[in-house]
Amino acid sequence: MNIIKELRTQKKISQQQLADLCNVHQTAVSQWENGRTLPDRNSLQLLAHVFGVSVELLLGLEKPKDENLIPGFEKINAEAAEEKLGSANFFALTINDNSMAPTLLFDDTVIVNRRCEILSGDIIAVAIGQSDLSVKRVIKKGTSLMLVPENPAFEPMLFSENEVETLPVSILGKVIELRRKF
């Protein structure tokens, strides 16, 4: 995949939005992404600024920083979590909602330690069933788990011991670090 298209899709912006940011027509972005033309010097500098990368990376003269040294950096669903993570002690998740705002914001990246002891009050990564992967504060109440968002617009989720087993609700690890892009 073309690096410009890859970076644009990671940022979740359209070709038109990128064109507006670079002061070019949308067809110029399309041509860059299809390899028909290269951005001029000014556009390269704007692209580097928008994406937070070097001009050399955009030109293919530099390899991307290997952020994937941490397994699971890409977004994963609960079903794929164990398969993708294998025996890794740490992994990264991208926050995809505002349930933990203002502590964790949409598109923040958190680093999760799979080997930490989980205590009531910790912020954790948790898989719920086969499709939901979430980051919430955990409150342990006897054999039940309560997953509490920081944002009061979201409701806490309470799971009985039976639900923890049958759904299942699997604690993947403790959030130990926040990485935020500006």
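The basis for the numbers below is simple: all heavy atoms, side chains too, and nothing from hydrogens, waters or symmetry mates.
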Tell me which donor-acceptor pairs under 3.5 Å the side chains of residues 42-49 have, and how far apart each pair is, sequence neighbours excluded?
{"unit_1": "S43", "atom_1": "OG", "unit_2": "D40", "atom_2": "OD1", "d": "2.9"}

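For the side chain to side chain contact (heavy atoms under 4.5 Å, CB included) test with W32, the passing option among V24, I3, N2, L38 is V24; the others fail. Among the candidates V110, V138, V135, the single residue satisfying the side chain to side chain contact (heavy atoms under 4.5 Å, CB included) test with I123 is V135. Just one of D107, D108, T109 meets the side chain to side chain donor-acceptor pair (under 3.5 Å) condition when paired with R180; it is D108.
A heavy-atom distance below 4.5 Å is not found between the side chains of V148 and K136. Looking at heavy atoms from C-beta onward, I128 lies in side-chain contact with M157 at the 4.5 angstrom threshold. Side-chain contact between L21 and F51 is absent, with no heavy-atom pair separated by less than 4.5 Å. In this structure the side chain of L7 reaches within 4.5 angstrom of the side chain of L58, judged on heavy atoms.
Here I176 pairs with F90, I111, N113, C116, K174 under the side-chain contact (heavy atoms from CB on, under 4.5 Å) rule; sequence neighbours left out. For the side chain to side chain donor-acceptor pair (under 3.5 Å) test, residues two or more places apart in sequence or in another chain that qualify with S30 are N34. Remark: S14 engages Q16, Q17 in a side-chain contact (heavy atoms from CB on, under 4.5 Å) (not counting sequence neighbours). Here E177 pairs with R179 under the side chain to side chain donor-acceptor pair (under 3.5 Å) rule; sequence neighbours left out.
Between the CD1 atom of I95 and the CG atom of L104 there is a distance of 5.0 Å, given to the nearest 0.5 Å. Separating the CG atom in L145 from the CD1 atom in I124 is a distance of 7.0 Å, to the nearest 0.5 Å. The structure places CG of L158 at 5.0 Å from CE of M146, a figure rounded to the nearest 0.5 Å. Atom NE2 of residue H25 and atom CD of residue Q15 lie 11.0 Å apart, to the nearest 0.5 angstrom. Here L172 contributes atom CG and L93 contributes atom CG; the two are 7.5 Å apart, rounded to the nearest 0.5 Å. Distance CZ/F106 to CG/D97: 8.5 Å, rounded to 0.5 Å.
Residue pairs meeting the salt bridge (Lys or Arg N to Asp or Glu O under 4.0 Å) criterion with at least one partner in residues 140-163, sequence neighbours excluded, are R137-E150.
Under the 4.5 Å side-chain heavy-atom criterion for ILVMFWY residues, no single connected hydrophobic cluster contains both L105 and M100. Residues V55 and V29 are members of one and the same hydrophobic cluster, defined by side-chain heavy-atom contacts under 4.5 angstrom among Ile, Leu, Val, Met, Phe, Trp and Tyr.
Of all heavy-atom pairs spanning V50 and K11, the tightest one is O-CE, 3.6 Å. For the pair I139 and G121, the tightest heavy-atom approach, listed with the atom from each and the gap, is CD1-N, 4.1 Å. Scanning all heavy atoms of the two residues, the minimum distance from P39 to I4 falls at CG-CD1, 3.9 Å. Between P149 and P156, the closest heavy-atom pair is CD-CA, 3.7 Å.
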